[in-house]
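Worksheet: the structure to be examined is printed underneath.
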Amino acid sequence: MNIDHLKLFVRLASTNNISVAGRELELSPAVSSAYISKLEACLGVRLVHRTTRKVSLTEEGDAFLPYAEDVLASVEAAYSSVGVGASSPRGILRVTAPASFGRMHLMPALKGFLAEYPDVKLDFRFSDSIVDLIEGGFDIAIRNAELKDSSLIARKLATDRRVICASPAYIEKYGEPTSPKDLKDHLCIHLSQLDQWVFDGPNGRESVKTQSVLRTDSGDVVRDACLDGIGIAINSTWSVFEHLQKGELVEILCDYSLVSDTAIWALYPSSRQLAPKVRAFIDYYAARFADTPCWAVEHSNKTR
C-alpha cells in the first residue's frame with residue numbers, strides 16, 4: 001500500500017474534490033485520479049463516489065478513513081523519531097473567517113506568520129456567512145459565535161466582549177436609553193436575526209425584543225451604520241475598539257452586561273492526525289492575540 005496514495009485519499013476526504021486534493025500535494029488531476037484508482041484496486045473495494053462536480057466517500061471509504069489516518073500518523077511519528085523533517089509545517093492551508101475579523105486581525109499578523117513558516121501557503125476565504133468547514137474543504141474555520149454541538153475540535157483564541165453602542169450624533173438626536181426596556185423606543189440595527197437582546201443588570205436578567213431600522217448579515221455594515229448615527233447596535237469590541245477610543249462611538253447601558261457565550265474560536269476537523277500547518281497557524285495567532293488583547297480592554301468614554 002502506497003503512502004502517497006493514502007495521503008491523497010485522506011486529503012480528498014476533507015476537500016471532496018480530487019483535483020483540489022491533488023493540487024495541495026502537487027499532483028496533476030490525472031495522477032491524482034490514478035492514485036485513487038490504484039488504492040481502490042489494492043484494497044479491492046470502491047472508496048469514492050465520483051461525479052462531474054465532486055466526490056464523496058462510499059460506506060467502505062468512510063470505514064477505511066480512520067485507519068488511513070492512523071497509518072499516516074504512525075509514519076509521521078516514525079519519521080520524527082529519527083529526526084526526519086516530516087513534522088515541518090508545509091503545504092496549502094485553507095482558512096475561512098468572518099470578513100471583519102479576518103481583515104482587522106488576521107491580515108496584520110500574516111506577514112510574520114509567512115516569515116516564520118515559509119513553506120506554508122495560505123488560502124483565505126473571508127465571509128460573514130457560516131461556511132461548512134468539511135463541505136468547503138477548509139483546514140480551519142475562525143468563528144465568533146456560540147458553538148453548537150459539533151464533531152469539530154475547537155480552541156479558544158480570544159475573548160469576544162460585546163457592547164451596546166451608539167454614535168454621539170444619534171444620542172444627541174434621540175437621547176440615550178438608561179435601561180434595556182428603553183430600547184423599545186429606539187432605532188436598532190440587527191445582525192441577521194439577532195433581535196432578542198438579553199442583559200444582566202442591577203435587577204437581574206432582562207430580555208428585550210428590539211425593533212430594527214436595519215438588518216444585515218455583515219458585521220462591517222452594522223458598525224458603519226452605527227457610526228453614521230442610523231441606530232443603536234451590538235458590536236464586538238474587537239471591531240469597534242478604535243472608534244470607542246476616539247469617541248466616534250459611545251458605549252451605552254454600561255450598568256448592564258450583554259449575556260453572550262461568544263468567543264473567537266479556531267475550529268478544525270476531528271482527526272487523529274493534526275497537520276503541522278494547522279497547529280502552527282492556531283498556535284501563532286493564539287499567541288498573537290494573547291500579547292495584544294486590545295479589544296478586551298474596558299472602555300470609558302462617557303464624555304458627551
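Predicted model, so just to flag it, every value in this text is computed and none were measured.
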Output the distance between atom [atom1] ([X]) and atom [atom2] ([Y]), rounded to the nearest 0.5 Å.
X      : Y      : atom1 : atom2 : value
Ile164 : Glu176 : CD1   : CD    : 11.5 Å
Arg162 : Ser257 : CZ    : OG    : 14.0 Å
Phe101 : Arg143 : CZ    : CZ    : 13.5 Å
Asn235 : Ile189 : CG    : CD1   : 8.0 Å
Ser236 : Phe241 : OG    : CZ    : 12.0 Å
Ile282 : Tyr268 : CD1   : OH    : 5.5 Å

Less than 4.5 Å apart, side chain to side chain, heavy atoms only: is that true for [X] and [Y]?
X      : Y      : value
Ile232 : Pro177 : yes
Tyr170 : Ile230 : no
Leu267 : Ile153 : no
Trp197 : Lys209 : no
Val250 : Cys165 : no
Leu12  : Asn17  : no
Asp128 : Leu191 : no
Val163 : Ile252 : no

State which residues pass side-chain contact (heavy atoms from CB on, under 4.5 Å) with [X]; sequence neighbours excluded, sorted by chain then number.
X      : value
Lys156 : Thr159, Ala263, Trp265
Ser212 : His190, Arg215
Glu60  : Val45, Thr58
Thr216 : Ser218, Val221, Val222

In chain order, what residues pass the ring pair (Phe, Tyr, Trp, His ring centres under 6.0 Å) check against [X], with sequence neighbours excluded?
X      : answer
Tyr256 : none
Phe138 : none
Tyr285 : Phe281, Phe289

*Hey, what's the ring geometry for His5 with Tyr35, parallel, tilted or perpendicular (30° and 60° as the breaks)?*
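Answer is tilted, since the angle falls between 30° and 60°.
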Can you sort out the partners of [X] under salt bridge (Lys or Arg N to Asp or Glu O under 4.0 Å), two or more places apart, ordered by chain and number?
X      : answer
Arg23  : none
Asp220 : Arg103, Arg223
Arg155 : Asp283
Asp224 : none

What are the two closest heavy atoms between [X] and [Y], and how far apart are they?
X      : Y      : answer
Asn144 : Pro98  : OD1-CG, 3.5 Å
Gly175 : His186 : O-CE1, 3.3 Å
Leu65  : Leu57  : CD2-CD1, 4.2 Å
Ala266 : Ile140 : CB-CG2, 4.3 Å
Ser260 : Thr262 : OG-OG1, 2.9 Å
Leu187 : Val213 : CB-CG1, 4.0 Å

Would you check if the side chain of [X] reaches a backbone N or O of [Y] as a donor-acceptor pair within less than 3.5 Å?
X      : Y      : result
Tyr284 : Arg279 : no
Thr96  : Ala141 : no
Ser74  : Asp70  : yes

_Residue pair Ser192, Asp217: steps toward the side-chain contact (heavy atoms from CB on, under 4.5 Å) verdict_ = CA-CA 5 Å; Ser192 297; Asp217 64 350; 3.9 Å; yes
Salt bridge or not for [X] and [Y], using N-O below 4.0 Å?
X      : Y      : result
Arg46  : Glu59  : no
Lys184 : Asp182 : no
Asp123 : Lys121 : no

*Flag yes if Val31 and Val55 sit in one hydrophobic cluster, no otherwise; membership is Ile, Leu, Val, Met, Phe, Trp, Tyr, and two members link when side-chain heavy atoms are under 4.5 Å apart.*
yes
_Applying a strict under-4.5 Å side-chain criterion to I, L, V, M, F, W and Y, I'd like to know whether Val20 and Ile92 cluster together._
no
_Residues Ser32, Leu8; criterion side-chain contact (heavy atoms from CB on, under 4.5 Å); working and verdict_ = CA-CA 7 Å; Ser32 300; Leu8 179 64; 3.9 Å; yes
*Assess whether side-chain contact (heavy atoms from CB on, under 4.5 Å) is satisfied between Leu6 and Glu69, documenting all intermediate values.*
CA-CA 8 Å; Leu6 290 180; Glu69 292 174 334; over 6 Å; no
*asked:* Taking atom CD as the centre, does Gln196 end up with more than 12 heavy-atom neighbours from other residues, nucleotides or ligands that are less than 6.0 angstrom away?
replied: yes
*Any pair with a residue in residues 27-41 that passes salt bridge (charged side-chain N to carboxylate O under 4.0 Å, His left out), sequence neighbours left out, goes on the list, sorted by first then second residue, please.*
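Pairs touching residues 27-41 that pass the test: Glu40-Arg50.
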*Take Glu251 and Arg161, measure what salt bridge (Lys or Arg N to Asp or Glu O under 4.0 Å) needs, and give me the verdict at the end.*
CA-CA 12 Å; Glu251 181 181 346; Arg161 178 174 174 261; 3.1 Å; yes
_Partner of Val95 under side-chain contact (heavy atoms from CB on, under 4.5 Å), chosen from Val278, Asp139, Leu122_ =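 One option only clears the test, and that one is Leu122.
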*asked:* Using the rule side-chain contact (heavy atoms from CB on, under 4.5 Å), only one of Leu258, Val208, Val198 pairs with Pro180; which is it?
replied: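 Single side-chain contact (heavy atoms from CB on, under 4.5 Å) partner of Pro180 among Leu258, Val208, Val198: Val208.
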*Would Met107 and Leu110 satisfy side-chain contact (heavy atoms from CB on, under 4.5 Å), going step by step from the backbone distance to the final call?*
CA-CA 5 Å; Met107 290 305 298; Leu110 181 60; 3.8 Å; yes
